[in-house]
Amino acid sequence: MKAIVDCNSFYASCEKVFRPELEGRPIVVLSNNDGCIIARNDEAKRLGIPMGEPYFKAKALIEQQKVSVFSSNYALYGDMSRRVMLTLADINPKIEVYSVDEAFLDLADIPIADLLDYGRLIREQVAVWTGIPVSVGIARSKTLAKVANRLSKKEKVKTSGVMVLEDELAEKEALKATSVDDIWGVGRRYARFLRLNGIENGHQLSLQSEAWAYKNLGGIVGKRLIKELNGIPCIELKHGIDKKQMIASTRSFGKPVNTLSDMKEAIATYTSRAAEKLRLQKSAACCVSVFMSTGYFDLRQAYEKDSRFEILLTPTANTNELIAYAMRVTEKTFRQGASYKKAGVILSSIVDENAIQSCLFEPDKPSPKSTILGKAIDQLNKKLGNDTVHFAATGLEKDWKTRSEVRSPEYSTKWKDIPVVSAFHQPKVTP
DNA sequence: TCTGGGGTCCTAGGACCC
DNA sequence: TCTGGGGTCCTAGGACCC
């Protein structure tokens, strides 16, 4: 059996840990640029605020209902995620960290009869050690565990946040209660297709033939999905963390960018962020892509997007070299007269830093001096705070910077943001 | 005024090899 | 009249995930 442990309303829960007075109050967390609502606690969901709703559309309701609003604070969520995952790994080292707020656990060694208690133990331990509420779904395959997890959340009171699909009957009931859109691996496209073919819930989907799924649901992926729904695991737990094959840094602008110099500043900033991530995982990249686009929802101008890339002869993780390439690509891609809303950099063709194949025609690349410089900059920024030292190309004013107007402090990762707790003794009053 | 960001896996089809 | 067979590698694009 496998478990999926999923943090409830993760970002909203992280904010609440440090603001206990918000207990019982609705909370939402916004995407970058304070654009969309990407997390809501139960109280906010009950007010009918949909996931992914643009903030400005929900603003009236939010103000009227006195919903607490937070800009996203990824430093905080990343650190809380790390604490949750460490807690889970402490309980069960056979763990796959699947996303910032989810992990799969291998429960092959736990007797079926003990699984419910085991799930409850996980919930309690994580709650006590981190303050984050989680839900636990347990079943024979990852896909079925996901189904169980979702139902445990939906019927939180009845299931107390843990659901085990202990036999085929339980699997069948759970699948009947789950519409196809809510099955892991069925996205918008397939859901529409399935509904058109009269397949509404997970149980109906599980009855389809593998050949049919192969033909209609993305080949081998569809075939696996059918097996997983029938309790035959096809997606095994992955242990250890893989290096990323692609590293991106992309942002919407706080206000439109119309000049090449602003665009270059933004792209240089994103490039240096992506290069940091690249060095953090001890890799180098061969391909630098740059894209930029106008506002998708802007009716005053036609939507416009363009991207270009350049291949480096020698892979590198040096910010200065990557910026130089990115600037060239930016100049070719930028169109004078366009009003850009969003841009980004993607580094790909990633190799291990120990496996850099040097090029016959570039014997001195990557430049050893730049490599040493990069390491020194990373160390300074780690010790003294992000952006203590940066490349001039990334600009100073950053007029285009992403909006983030209601960001909470970095309670757990910044010395000056650590909460101060005042404790005092209050004599007990006996009635 | 105003709508996020960062990933993975798979397949089809083209280019190429012997 | 008539022109083989069996492969690999790479990329773009589509689907999905959180």
From [atom1] of [X] over to [atom2] of [N], roughly how many Å is that when rounded to an integer?
X	N	atom1	atom2	answer
A/Phe297	B/dT3	CZ	C1'	4 Å
A/Asn149	C/dC18	CG	P	10 Å
A/Asp6	C/dC18	CG	P	8 Å
A/Lys57	B/dG4	NZ	P	11 Å

Enumerate the side chain to side chain donor-acceptor pair (under 3.5 Å) contacts for residues 50-67 of chain A, please, sequence neighbours excluded, ordered by first and then second residue.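 Pairs touching residues 50-67 of chain A that pass the test: none.
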
Listing request: all ring pair (Phe, Tyr, Trp, His ring centres under 6.0 Å) pairs with a residue in residues 302-331 of chain A, at least two apart in sequence or in separate chains.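 Sorted result for residues 302-331 of chain A: A/Tyr296-A/Tyr303.
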
With a cut-off of less than 4.0 Å, is there a side-chain N or O of A/Lys341 near OP1 or OP2 of B/dT3?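 Checking B/dT3 against A/Lys341, a side-chain N or O does come within under 4.0 Å of OP1 or OP2.
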
Let me check something: any side-chain donor-acceptor pairs from residues 224-246 of chain A under 3.5 Å, sequence neighbours excluded? List them with distances.
unit_1   : atom_1 : unit_2   : atom_2 : d
A/Lys227 : NZ     : A/Glu210 : OE2    : 3.4
A/Glu228 : OE1    : A/Lys142 : N      : 3.3
A/Glu228 : OE1    : A/Thr143 : N      : 2.8
A/Glu228 : OE1    : A/Thr143 : OG1    : 2.6
A/Glu228 : OE2    : A/Cys234 : N      : 2.8
A/Glu228 : OE2    : A/Ile235 : N      : 3.0
A/Asn230 : ND2    : A/Ser206 : O      : 3.0
A/Asn230 : ND2    : A/Ile226 : O      : 2.8
A/Lys243 : NZ     : A/Gln281 : O      : 3.2
A/Lys243 : NZ     : A/Lys282 : O      : 3.3
A/Lys243 : NZ     : A/Asp352 : OD2    : 2.8

Just to verify, what does [X] make a salt bridge (charged side-chain N to carboxylate O under 4.0 Å, His left out) with, not counting sequence neighbours?
X	value
A/Arg273	A/Glu276
A/Asp79	A/Arg82, A/Arg83
A/Asp262	none

For A/Tyr98, what residues pass the ring pair (Phe, Tyr, Trp, His ring centres under 6.0 Å) criterion, not counting sequence neighbours?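 For A/Tyr98 the ring pair (Phe, Tyr, Trp, His ring centres under 6.0 Å) partners, ignoring immediate neighbours, are A/Phe104, A/Trp184.
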
Ring pair (Phe, Tyr, Trp, His ring centres under 6.0 Å) with A/Tyr340: which residues, sequence neighbours excluded?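 For A/Tyr340 the ring pair (Phe, Tyr, Trp, His ring centres under 6.0 Å) partners, ignoring immediate neighbours, are A/Phe334.
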
Protein and nucleotides 5-9 of chain B: nitrogen or oxygen contacts under 3.5 angstrom:
unit_1 : atom_1 : unit_2   : atom_2 : d
B/dG5  : OP1    : A/Ser252 : N      : 2.7
B/dG5  : OP2    : A/Ser252 : N      : 3.4
B/dG5  : OP2    : A/Ser252 : OG     : 3.0
B/dG5  : O3'    : A/Arg251 : NH1    : 3.1
B/dG6  : OP1    : A/Arg251 : NH1    : 2.9
B/dG6  : OP2    : A/Thr250 : N      : 2.5
B/dG6  : OP2    : A/Thr250 : O      : 3.0
B/dG6  : OP2    : A/Thr250 : OG1    : 2.5
B/dG7  : OP2    : A/Ala248 : N      : 2.7
B/dT8  : OP1    : A/Gln245 : N      : 3.3
B/dC9  : OP2    : A/Gln245 : NE2    : 3.3

What string of B, S and - do you get for nucleotides 10-17 of chain C, 5' to 3', when a contact is any protein heavy atom under 4.0 Å? -----SSS

Both atom distances under 3.5 Å, Watson-Crick or G-U wobble: I'd like the secondary structure of DNA chain B as a dot-bracket string, with | for pairs made across strands. ....||||||||||||||

Please enumerate all residues that pass side chain to side chain contact (heavy atoms under 4.5 Å, CB included) together with A/Ala170, with sequence neighbours excluded.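 A/Ala170 satisfies side chain to side chain contact (heavy atoms under 4.5 Å, CB included) with A/Leu165, A/Glu166, A/Asp167 once adjacent residues are dropped.
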
Could you tell me whether A/Glu23 and A/Lys16 make a salt bridge, using a distance below 4.0 angstrom between a side-chain N and a carboxylate O?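 A salt bridge is present here (some side-chain N lies under 4.0 Å from a carboxylate O).
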
